[in-house]
Amino acid sequence: MMDYTLTEMMAVVAAREIRDEEIVFCGTGISMLAAMAAKHISAPRSVIFFETGAIDSLLEEIPLAVADSRVMYHTALNGGLADAFATMQNPFTGPRVVGILGAAQIDPFGNLNSTAIGDYDQPRIRFSGSGGACDVASFVGRTIIFMRQVKGRFVEKLDYLTSPGYLDGNGSRQRAGLRPGGPELVVTDKAVFRFDEKSKRMYLAGYYPGIKVAEIMETVEFPLDCNRAVPVPAVTDKELQILRQKCDPQGLIR
Amino acid sequence: MMDYTLTEMMAVVAAREIRDEEIVFCGTGISMLAAMAAKHISAPRSVIFFETGAIDSLLEEIPLAVADSRVMYHTALNGGLADAFATMQNPFTGPRVVGILGAAQIDPFGNLNSTAIGDYDQPRIRFSGSGGACDVASFVGRTIIFMRQVKGRFVEKLDYLTSPGYLDGNGSRQRAGLRPGGPELVVTDKAVFRFDEKSKRMYLAGYYPGIKVAEIMETVEFPLDCNRAVPVPAVTDKELQILRQKCDPQGLIR
Amino acid sequence: MSMAEAISRFVKPGCHLSIGGFTLNRNPMAAVYEIIRQRIDNLHLYAHSNGQGVDELIGAGCVRAIEIAYGGNGRFAPTCIRFRKAIETGQIHFEDYSNYQMTLRFMAGAMGVPFLPTTSGLGTDILQKWGFSPEFREAETRLPREKLLVMDNPFRRQDEDPPKVVLLPAVNPDVTIIHVQKAGREGTVSINGLTFADVEQAKAARHLIVSCEELVEEDEMRLEPGENQLPFFLVDAVVHQFYGAYPTACYGCYDYDPQFLKMYQRLAKDDALYASYLGEYVYGVDNHQQLCDLVGREQLQRIRAVNPQGYAAGLDRR
Amino acid sequence: MSMAEAISRFVKPGCHLSIGGFTLNRNPMAAVYEIIRQRIDNLHLYAHSNGQGVDELIGAGCVRAIEIAYGGNGRFAPTCIRFRKAIETGQIHFEDYSNYQMTLRFMAGAMGVPFLPTTSGLGTDILQKWGFSPEFREAETRLPREKLLVMDNPFRRQDEDPPKVVLLPAVNPDVTIIHVQKAGREGTVSINGLTFADVEQAKAARHLIVSCEELVEEDEMRLEPGENQLPFFLVDAVVHQFYGAYPTACYGCYDYDPQFLKMYQRLAKDDALYASYLGEYVYGVDNHQQLCDLVGREQLQRIRAVNPQGYAAGLDRR
């Protein structure tokens with residue numbers, strides 16, 4: 001039995017990917033935990049950045065929304081939405097940003113749906129919609145995506161394409177008029193996925209301790225290359241300690 | 001012999017035209033003096049507003065430029081150029097603004113040149129250029145224009161059209177895509193001019209004490225209706241006192 | 001001016017409205033509840049991620065159509081509950097944008113230009129799928145005929161220049177309502193902490209209602225002009241409203257109330273329970289002060305912000 | 001970093017440059033003089049109304065081309081003297097815009113969009129007369145081929161909607177230099193008083209040099225984030241430079257120096273006198289501190305700002 005939760009594993013796996021001095025765009029929940037963890041693990045000089053305009057907040061408690069007052073304390077700057085998104089669209093700062101996103105559905109090219117399942121006009125399930133996700137996915141240098149590894153999430157075709165990944169692959173992202181960029185890593189509660197350098201199709205890059213590849217494949221509705229998959233190292237004691245003591249001592253995200 | 005200068009007369013004549021609660025865009029020199037005087041004469045609740053972003057400054061000393069630190073003291077807001085011009089382009093606030101402008105040349109439709117005399121590419125005389133003048137003339141509800149009544153200033157055709165008045169009259173301003181608006185009053189050191197409601201051509205509306213119409217006409221190079229001209233009341237003692245004691249005690253603009 | 005008077009004077013049935021704040025922070029909730037109490041309906045709402053306030057207006061049946069980027073409220077409702085229900089059951093007209101796109105629309109309105117450009121959304125369904133029907137747009141003569149448009153970049157010269165941009169049409173609401181920490185009697189506004197898109201929303205609107213925690217002499221607002229975001233001449237009504245953002249947060253003053261928001265989350269899921277919520281907490285009180293009384297001094301004290309953090313450090317938020 | 005190092009590292013001959021400030025306020029004069037001393041030439045300058053700094057760069061022969069809205073310096077030179085001479089004698093390439101148009105160009109660069117729209121200038125010669133020749137634009141591959149463009153408003157529906165707009169192409173300078181009151185060691189910037197277009201100019205640039213009157217620990221900048229305008233990660237070099245805007249003003253610190261500006265006005269009118277001015281005040285000193293020494297402690301003290309006004313109240317400015 002693991003002594004960490006899958007949410008904690010996901011946060012750590014993403015945190016390990018963040019590079020020093022990167023500007024980390026993060027949303028709520030697990031992505032915020034990952035960004036906070038990164039500052040203690042791999043990227044002490046990374047900068048946490050919220051779409052609401054807060055830059056490099058001193059997060060003494062975990063915020064429950066990107067507009068939580070906790071993001072406004074001891075920042076380098078408290079701006080607004082217009083500033084925040086312009087920083088990501090800016091030709092010099094945008095490429096330095098890594099965006100962390102989540103979604104309800106993902107397709108083989110890393111495009112995301114966070115709007116609706118079923119008919120758009122009167123959907124079976126309505127989600128929150130883009131928020132800043134489409135903007136981030138359009139603008140920044142690279143993205144990391146959090147997904148739950150359950151049925152209906154990894155689909156051949158999205159019900160609604162909210163946030164662009166590689167669109168149809170093969171340079172279609174650039175042809176559509178978007179900057180280079182796109183998803184680099186998908187982190188789920190069972191595995192991690194990356195994208196083929198040429199085709200930009202998703203492949204299985206790693207699986208968590210105790211997880212079988214077949215178990216992962218069951219939830220993926222499109223053909224998936226599994227030949228490059230390797231085991232992902234478990235959360236270390238030190239990483240767990242950072243998460244629980246420094247990032248979320250109140251245990252709001254587990 | 002008058003006991004006030006022509007500059008003071010000009011400032012007072014313009015100040016009298018400013019309505020209460022109007023937002024007064026002003027530039028440097030005489031226009032600033034007029035805006036300051038208006039607050040003490042006709043429009044105590046008018047708001048002085050600079051293109052640099054300062055709103056409702058407490059002008060204890062007269063600023064020598066719109067970026068003078070004197071405009072930044074005790075304001076309602078210290079913004080920037082982007083805010084200031086957006087306020088004038090804004091559909092709700094723009095029409096509430098009266099702009100005070102000056103120029104090197106004016107034509108019969110109140111268009112202004114503050115860029116160059118002679119060939120544009122290598123001019124005989126180069127002036128500062130638009131600054132915010134073209135923006136103000138394009139955006140705001142009405143403008144008041146200061147000119148010197150000397151030869152070469154009131155011309156049939158401008159060497160360069162920097163700031164739009166009524167363009168060619170007859171609705172051409174709106175056809176060009178500009179809002180209604182345009183110059184309402186031209187104030188010189190000898191006279192005041194207004195614009196015909198229909199044709200939008202300039203006419204002589206008033207002349208200062210001791211000035212003859214013929215003297216004015218000598219400097220105007222285009223046909224001018226003088227039939228509506230009436231004498232302009234001189235600067236009163238009270239007005240002069242306001243100018244010298246409240247607006248410009250240091251006597252920087254005389 | 002009282003909130004009741006400000007709302008009845010400026011917010012009319014069918015009017016185009018936007019509210020300030022973001023998810024669970026600085027929503028002008030006192031104004032939202034007053035709109036519900038006055039049963040002002042058929043509102044056309046413009047929102048980016050205005051969370052709690054939007055959900056309550058929709059839940060109370062005040063909203064006919066919404067243009068929105070994000071109908072969520074942080075951990076308390078990843079998708080706002082009454083918003084979700086309204087869309088799934090076809091109760092309201094809706095049009096989806098991104099947060100930046102909505103911000104640009106307010107900015108365009110504030111700047112007085114018909115549109116602003118961005119590259120956000122190229123290749124997505126935000127461009128492809130339009131929520132408002134052509135008939136709806138045709139009938140609503142104040143709306144642009146197009147949700148948005150794509151155009152080629154006419155200045156493109158280098159390979160790295162964007163080949164095309166999305167043009168977002170300006171929004172100019174009839175009324176914007178924001179809640180802030182401090183205002184002068186004439187209306188000059190000082191926001192502490194993040195401004196979200198409040199400034200753009202305020203400037204885009206024909207009328208602006210400002211409610212504030214602290215109302216001071218205008219002259220006091222001039223001592224530190226660098227702290228001010230909006231000049232007095234933009235403001236139509238200033239309402240002094242203690243805890244005016246409650247149950248959402250107001251940085252430096254109080255936190256969001258996790259207890260109230262969790263209760264809301266539970267009650268909003270069920271139509272009958274939601275009716276009882278409205279009956280007790282909104283229709284059942286005459287004004288925001290009475291709501292605060294109902295919640296109780298003790299709970300309001302619990303969410304009081306501490307210095308220097310500006311939020312209620314250590315608050316139980318589970 | 002020293003100013004000499006910051007300039008030599010980032011400002012190269014022929015580079016595209018913009019400087020902050022407005023006419024006689026907060027021009028980054030220490031940087032301007034250092035550029036002149038290092039004899040960096042062929043600069044392509046983007047300016048709105050950057051007054052004194054622009055005139056000195058032109059006068060010293062550093063500028064090959066300028067895109068500008070206003071070449072004036074308040075009462076001290078309604079038209080900047082060396083700017084006027086340079087244009088009248090065909091010494092530099094120039095292109096005229098309005099202040100708002102230039103501001104929008106910086107804003108577009110900062111926002112990462114190819115253009116921004118406005119209705120300013122419709123019907124004027126700013127649209128009709130282009131200063132840069134087609135050959136010049138063709139050769140300068142970093143410039144857009146068009147000074148600006150006019151397009152029909154594609155969203156027009158109502159009579160009162162603008163029928164057309166002017167599109168202003170984005171500017172992204174290689175370097176922007178600003179002078180501010182306070183900065184953190186990592187670069188976070190706090191500007192006191194008007195920001196002019198400094199924020200947009202800073203964000204539009206590939207590299208940003210900030211000089212400041214006061215340099216503090218980064219942590220101190222976090223105590224009042226509401227006073228900050230630029231985050232540290234935008235800044236390439238921070239230079240601690242006492243009186244760094246002199247002879248222009250720096251709100252809250254010192255006023256412009258009327259004596260120096262009047263002397264400049266007199267000397268700049270004559271080529272020989274101007275050469276002697278440059279020799280004595282710019283080339284004749286090693287750095288800005290030496291210029292301050294030359295001016296003298298007494299004069300610097302005379303222009304010292306007083307509280308609460310932020311300028312030198314009662315200063316003789318005739």
Side-chain angles (χ1 to χ4, degrees), chain B residues 28-29 50-54 60-61 63-74 78-82 85-86 88-89 91 111 115-116 120-135 138-139 158 160-164 167 172-173 175-179 250-253, chain D residues 21-25 48-49 51 68-76 78-80 83-84 87-90 96-101 103 107 118-126 128-129 131 162-165 193-200 249 251 255-256 305 308-311 313 317-318:
Chain B
T28 46
F50 297 98
E51 65 184 292
T52 44
E60 294 188 342
E61 296 183 4
L64 297 186
V66 294
D68 194 314
S69 295
R70 284 153 188 81
V71 309
M72 307 182 193
Y73 174 51
H74 212 266
N78 279 330
L81 276 64
F85 289 112
M88 293 188 268
Q89 196 175 208
N111 304 300
T115 301
Y120 172 62
D121 292 320
Q122 199 167 327
R124 194 153 48 78
I125 309 173
R126 171 69 203 205
F127 301 108
S128 58
S130 161
C134 169
D135 308 310
S138 297
F139 295 150
L158 304 173
Y160 185 98
L161 198 170
T162 313
S163 305
L167 297 181
S172 56
R173 183 182 162 95
R175 276 197 305 281
L178 296 168
R179 287 217 194 113
Q250 295 177 304
L252 295 169
I253 301 172
Chain D
F22 197 103
T23 58
L24 40 67
N25 213 313
H48 45 83
S49 298
I68 191 169
Y70 186 78
N73 204 16
R75 212 186 72 147
F76 294 101
T79 301
C80 284
F83 163 78
R84 176 177 167 175
I87 290 189
E88 288 174 0
T89 58
D96 276 287
Y97 292 90
S98 73
N99 263 343
Y100 191 42
Q101 290 172 343
T103 304
M107 246 175 98
T118 176
T119 55
S120 177
L122 288 166
T124 72
D125 280 338
I126 293 181
Q128 291 305 315
K129 297 192 178 172
K164 50 185 104 168
V165 288
L194 295 169
T195 53
F196 307 128
D198 282 24
V199 174
E200 292 80 3
Y251 184 67
D255 220 319
Y256 45 84
Q309 284 87 344
Y311 53 85
R317 297 178 292 143
R318 277 167 301 189

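Because the structure is a prediction, the values reported are computed rather than measured. Chain letters run A, B, ... following the sequence lines, proteins first and then strands; every chain starts at 1.
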Asker: Using the test ring pair (Phe, Tyr, Trp, His ring centres under 6.0 Å), find all partners of F196(D) that sit at least two apart in sequence or belong to another chain.
Answerer: F22(D)
Asker: Just wondering, do T119(D) and R179(B) contact through their side chains at under 4.5 Å, heavy atoms?
Answerer: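 No. Closest side-chain heavy atoms not under 4.5 Å.
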Asker: Between Y100(D) and M88(B), is there a side-chain heavy-atom distance shorter than 4.5 Å?
Answerer: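 Not in contact.
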Asker: Where on L158(B) is there a heavy atom nearer than 4.5 Å to chain D: the side chain, the backbone, both, or neither?
Answerer: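 For L158(B), neither part sits under 4.5 Å from chain D.
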Asker: With a 4.5 angstrom heavy-atom cut-off, is it the side chain or the backbone of E88(D) that approaches chain B, or both, or neither?
Answerer: both
Asker: Without swapping roles, check the side chain of S128(B) against the backbone of T79(D) for a donor-acceptor pair under 3.5 Å.
Answerer: no
Asker: Would a 4.5 Å heavy-atom cut-off, applied to side chains only, mark N25(D) and M72(B) as touching?
Answerer: yes
Asker: Name all residues meeting the ring pair (Phe, Tyr, Trp, His ring centres under 6.0 Å) criterion together with Y160(B); count only those two or more places apart in sequence or in a different chain, and write none if there are none.
Answerer: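 Result, ring pair (Phe, Tyr, Trp, His ring centres under 6.0 Å) vs Y160(B): Y120(B).
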Asker: Which one wins on heavy-atom pair count under 4.5 Å against chain D: I253(B), I125(B), V71(B), N111(B)?
Answerer: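 Between I253(B), I125(B), V71(B), N111(B), the count favours I125(B).
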Asker: For the interface with chain D, which of A65(B), A67(B), G80(B) has the highest count of heavy-atom pairs at distances below 4.5 Å?
Answerer: A67(B)
Asker: Heavy-atom pairs under 4.5 Å with chain D: which of G251(B), S163(B), A133(B), A82(B) has the most?
Answerer: A82(B)
Asker: Mark yes or no for whether S138(B), through its side chain, and G121(D), through its backbone, hold a donor-acceptor pair below 3.5 Å.
Answerer: yes
Asker: Checking L167(B) against chain D: side chain, backbone, both or neither under 4.5 Å from a heavy atom?
Answerer: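 Just its side chain gets close to chain D.
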Asker: Is the shortest distance from a Lys or Arg side-chain nitrogen in R70(B) or D255(D) to a carboxylate oxygen in the other one below 4.0 Å?
Answerer: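 Salt bridge flag = yes for D255(D) with R70(B).
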Asker: If you count heavy-atom pairs under 4.5 Å between each of T52(B), D121(B), V66(B) and chain D, which one has the most?
Answerer: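 That would be T52(B).
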Asker: Measure distances from D68(B) to the heavy atoms of chain D and classify the residue's part below 4.5 Å as side chain, backbone, both or neither.
Answerer: both
Asker: Looking at P63(B), G131(B), G29(B), which one has more heavy-atom pairs under 4.5 Å with chain D than the rest?
Answerer: G131(B)
Asker: Does any backbone or side-chain atom of S172(B) lie under 4.5 Å from a heavy atom of chain D? Answer side chain, backbone, both or neither.
Answerer: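 Contact with chain D involves no heavy atom of S172(B) at all.
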Asker: May I ask you to say whether D96(D) pairs ionically with R126(B), meaning some side-chain N is under 4.0 Å from a carboxylate O?
Answerer: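 Looking at D96(D) and R126(B), the cut-off is met.
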Asker: Against chain D, label R173(B) side chain, backbone, both or neither, depending on which of its atoms sit under 4.5 Å from a heavy atom there.
Answerer: neither
Asker: Kindly assign one of parallel, tilted or perpendicular to the pair Y311(D) and Y73(B), based on the angle between their ring planes and the thresholds 30° and 60°.
Answerer: perpendicular
Asker: Quick check on A116(B) against chain D: is it the side chain, the backbone, both or neither that has a heavy atom closer than 4.5 Å?
Answerer: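 For A116(B), neither part sits under 4.5 Å from chain D.
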Asker: Relative to chain D, which segment of Q250(B) carries a heavy atom at a distance below 4.5 Å: side chain, backbone, both, or neither?
Answerer: both
Asker: Between A305(D) and chain B, with a heavy-atom cut-off of 4.5 Å, which part of the residue counts as in contact: side chain, backbone, both or neither?
Answerer: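 No part of A305(D) comes within 4.5 Å of chain B.
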Asker: Where on F76(D) is there a heavy atom nearer than 4.5 Å to chain B: the side chain, the backbone, both, or neither?
Answerer: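 It is the side chain, since no backbone atom gets that close.
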Asker: If you compare all heavy atoms of T124(D) against all heavy atoms of C134(B), which two are closest, and at what distance to 0.1 Å?
Answerer: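 Where T124(D) meets C134(B) most closely, the heavy atoms are CG2-SG, 4.2 Å.
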Asker: Under a 4.5 Å heavy-atom cutoff, which of S49(D), G74(D), S120(D) has the most pairs with chain B?
Answerer: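 Maximum pair count with chain B is reached by S120(D).
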Asker: If we only count heavy atoms from C-beta on, is the L194(D) to F50(B) side-chain gap below 4.5 Å?
Answerer: no
Asker: Between CG of D135(B) and CD of Q101(D), what distance do you get to the nearest 0.5 Å?
Answerer: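 Answer for the CG-CD pair, D135(B) versus Q101(D), is 6.0 Å.
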Asker: When heavy-atom pairs shorter than 4.5 Å are enumerated against chain B, which of N73(D), I126(D), T23(D) gives the highest number?
Answerer: I126(D)
Asker: In terms of heavy-atom proximity below 4.5 Å to chain B, should T103(D) be classed as side chain, backbone, both, or neither?
Answerer: side chain
Asker: If you count heavy-atom pairs within less than 4.5 Å of chain B, which of P162(D), G193(D), G72(D) leads?
Answerer: G193(D)
Asker: Heavy-atom distance under 4.5 Å between the side chains of R317(D) and E61(B), does that happen here?
Answerer: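 R317(D) reaches E61(B) side chain to side chain.
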Asker: In Å, rounded to the nearest 0.5 Å, how long is the span from CD of Q122(B) to OG1 of T89(D)?
Answerer: 7.0 Å
Asker: If you measure from CG on D125(D) to OG1 on T115(B), what distance do you get to the nearest 0.5 Å?
Answerer: 8.0 Å
Asker: Does any backbone or side-chain atom of T118(D) lie under 4.5 Å from a heavy atom of chain B? Answer side chain, backbone, both or neither.
Answerer: both
Asker: Select, from A197(D), A249(D), G310(D), G123(D), the one with the greatest count of heavy-atom pairs under 4.5 Å involving chain B.
Answerer: G123(D)
Asker: Please report the interatomic distance CD(Q128(D)) to CG(L161(B)), rounded to the nearest 0.5 Å.
Answerer: 9.5 Å
Asker: Would you mind telling me which of G90(D), G21(D), P78(D) has the largest number of heavy-atom pairs within less than 4.5 Å of chain B?
Answerer: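 Highest number of heavy-atom pairs under 4.5 Å: G90(D).
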